[in-house]
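Both counts, for ligands and for their atoms, begin at 1 and track the order of listing. Sequential numbering from 1 along the given sequence is applied to the chain's residues.
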Amino acid sequence: MIQLNERKPILQAINLRHEYEARGEKIVALQDVNLTINAGDFVTVVGPSGCGKSTLAKIFAGLGTPTSGEALYAGKPINGPSAERGMVFQELAVLPWRTVVGNIGHGLEIAGVPKAEREQRVAELVQLIGLQGFEKKYPSELSGGMRQRVAVARTWATRPPVILMDEPFGAVDAITRLTLQEELIRLARATKQTVVFITHSVEEAVFLGDYIVAMSSRPGRVLEIVPVPDMGINRTWEKMIRDPRIEAIVSRVFELVRGRAVDSSSERQHA
Ligand SMILES: Nc1ncnc2c1ncn2[C@@H]1O[C@H](COP(=O)(O)OP(=O)(O)OP(=O)(O)O)[C@@H](O)[C@H]1O
């Protein structure tokens with residue numbers, strides 16, 4: 001089992017290529033993707049629509065197989081889905097017939113975690129995602145943002161070493177999104193899990209990531225790995241937007257993903 005705090009590669013893409021076949025036509029979604037993500041990193045992947053971000057997340061989740069090249073988890077080829085790599089999709093993944101605590105604890109029940117431990121873990125998560133007082137509510141009694149919090153906590157509960165998030169806040173309003181992003185940072189910092197967060201919002205990528213993987217338009221390639229200065233545990237929008245270093249990073253990432261960067265061909269690997 002991987003120790004979460006160790007700075008060692010947990011996910012790797014090596015010369016990854018992925019092709020889809022649609023009505024006899026070949027679509028190259030990813031090409032020559034090289035990327036190393038270390039345990040405990042919070043990585044955001046940003047790029048234009050259709051550049052292969054979801055494809056990359058699915059390959060890391062074991063839900064897709066690369067056409068060529070390799071995807072590795074802890075140094076071993078990824079051959080299919082695993083409890084070690086949880087995935088949060090954009091579509092809400094909550095069970096309508098279960099309460100908030102029932103949803104969050106679902107994976108723990110399946111994993112056979114004893115009741116007392118389960119209840120403790122669920123209570124901690126309810127606190128971290130700010131749903132105190134809503135424990136016994138059903139998804140239909142919650143707002144969209146609250147349901148999305150439950151979906152995130154559900155995946156977090158079983159403590160998979162890696163959490164892959166594909167545009168999880170795409171469908172919520174802008175203000176709720178800010179709150180969810182701040183909660184997510186707290187959650188990730190508190191649990192030290194590795195998070196790979198896919199988004200097409202440059203601001204979201206910069207706000208959340210320890211570093212940003214900027215991808216080219218299709219076929220998706222890694223253009224640059226852009227590090228974000230450590231803002232400490234209290235990373236808030238207010239703090240970020242006043243920091244000139246962050247402004248410069250947002251501009252750089254915009255240039256990259258819009259294909260206007262001066263040196264957009266240099267493909268670097270995160271060390
Ligand atoms: N099942 C499929 N069959 C054929 N082509 C596909 C399939 N899934 C994705 N593609 C194509 O592969 C490319 C990459 O798709 P992918 O969903 O990975 O991109 P994305 O960067 O996540 O896009 P978005 O930001 O719009 O969600 C796109 O051109 C898409 O049309």
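Side-chain N/O atoms of Glu204 and Gln181 include a donor and acceptor closer than 3.5 Å.
The other residues sharing a hydrophobic cluster with Ile14 are Leu72, where clustering joins ILVMFWY side chains under 4.5 Å apart.
When distances from atom 20 (P) of ligand 1 to the protein are checked, a heavy atom turns up under 4.0 Å. Contact annotation for atom 14 (C) of ligand 1: protein present (non-hydrogen atoms, distance under 4.0 Å).
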Which side-chain N or O atoms in residues 130-142 pair as donor and acceptor under 3.5 Å with protein atoms at least two apart or in another chain?
| unit_1 | atom_1 | unit_2 | atom_2 | d |
| --- | --- | --- | --- | --- |
| Glu135 | OE1 | Gly133 | N | 2.8 |
| Glu141 | OE1 | Tyr138 | N | 2.6 |

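Under the 4.0 angstrom criterion for non-hydrogen atoms, Gly47 is not in contact with ligand 1.
Short contacts between ligand 1 and Ser49, defined as distances under 4.0 Å to a heavy atom of the residue, involve ligand atoms 23 (O), 24 (P), 25 (O), 26 (O).
The shortest contact between atom 2 (C) of ligand 1 and any protein heavy atom is with Tyr20 CD2, 3.4 Å. Nearest to atom 18 (O) of ligand 1 among the protein's heavy atoms is Thr55 OG1, 2.5 Å. Atom 24 (P) of ligand 1 has its closest protein heavy atom at Gly50 N, 3.6 Å. Atom 25 (O) of ligand 1 has its closest protein heavy atom at Lys53 NZ, 2.8 Å.
Polar contact check, Cys51 against ligand 1: a nitrogen or oxygen pair lies under 3.5 Å apart. Ligand 1 has an N or O atom lying under 3.5 Å from an N or O atom of Ser54, backbone or side chain. Between Gly52 and ligand 1, at least one pair of N/O atoms sits closer than 3.5 Å.
Checking Leu184, Thr199, Leu178 one by one against Phe169, the side chain to side chain contact (heavy atoms under 4.5 Å, CB included) holds for a single residue, Leu184. Only one option out of Val196, Thr155, Thr194 pairs with Ile163 in a side chain to side chain contact (heavy atoms under 4.5 Å, CB included); it is Thr155.
Between the side chain of Asn103 and the main chain of Leu95, a donor-acceptor pair closer than 3.5 Å is present.
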Practice task
Evaluate side chain to side chain donor-acceptor pair (under 3.5 Å) for Trp237 paired with Glu182, printing each intermediate quantity in order.
Solution key: CA-CA 8 Å; Trp237 270 110; Glu182 290 182 352; 5.1 Å; no

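When heavy-atom distances to ligand 1 are checked against a 4.0 Å cut-off, Arg218 comes that close only through its side chain, counted from C-beta outward.
Salt-bridge formation is detected for the pair Arg252/Glu224: a Lys NZ or Arg NE/NH1/NH2 atom is positioned less than 4.0 Å from an Asp or Glu carboxylate oxygen.
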